[in-house]
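Since the structure comes first, as structure tokens, the remarks are kept for the end.
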Amino acid sequence: MKVVVVDNYEAMSAEAAKLVEEKVRENQEAVLGLATGSTPIGLYKNLIEGNKTRGISYKDVKAVNLDEYLGLSQDHSQSYHTFMKENLFSQIDIKPENTYIPNGIPASAEEECTDYEAVITKVGPVNLQILGIGTNGHIGFNEPGTPGDSITHVVELTKSTRESNGPNFETEAEVPTHAISMGIQTILKGEEIILLASGESKAEAIKMLLTKKVTEDNPASFLWTHDNVTLIVDKDAYQLVK
Ligand code: PGA
């Protein structure tokens, strides 16, 4: 794992955007694995600017997202479909039919998982995967205890994840309890992975990750088994690393 320590959130976002744009420049049909959450918003802002002012086109790029809440329709204000549309897809020239996110209200969640895994296999391999990290070390919605060989699956969100996501919902009862997420094995099939971490709240998770101990207790630690991972971390998130 290559570790790049930068000053702040803006620098992390710019550094990540540089790597994404390099990938898209060298392969106009690149498959990007994308993430939601507060972490990649700055990256996406940079990509939007690059699309508008630096001649980077996404017209033949494909995007596969990590996860979606179960129980939220595509047009729900807190769905990851809405998040991606608002924060990136509607502002760049990517074709809607080239964007893939699990269906949050499938007839059968199990079938949706199988189908989504098949989509990733068909569209992929993912050339560049963007990841955030949860305060508990989760990647995608793979919470502690998720096996390293997991593929797309239904996950029950932990209390800490529900609490982190809670402020986005009007009432606690509305916070989804389950999600569909690419599994750890699915994520590790990506050819290159960029893990982003910013802010003091991620400091424990980064400290734990950089012990290099690979364990189900820390899903992000499986990234040590991949040979092309770059961690871009800001000083606040890096502060507990000796
Ligand atoms: P955040 O979430 O970007 O909103 O901090 C990251 C994650 O939980 O993966």
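First listed ligand is number 1; within each ligand, the first listed atom is number 1. Computed from a predicted structure; not experimentally measured.
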Any donor-acceptor pair under 3.5 Å linking the side-chain atoms of N46 with those of S13?
no
Between E143 and N136, do the side chains contain an N or O donor and an N or O acceptor separated by less than 3.5 Å?
yes
For atom CD of Q28, is the number of surrounding heavy atoms from other residues, nucleotides or ligands below 6.0 Å larger than 12?
no
Modelled atom types, side-chain donor and acceptor of N65 and H81, under 3.5 Å:
no
So that I know where these two stand, are Y69 and F141 an aromatic pair - ring centroids less than 6.0 Å apart?
yes
The protein residues that pass the under-4.0 Å heavy-atom test against ligand 1 are G37, S38, T39, G132, I133, G134, H138, K202
Residues sharing V154's hydrophobic cluster, by side-chain heavy-atom contacts under 4.5 Å among ILVMFWY, directly or via others?
L70, I180
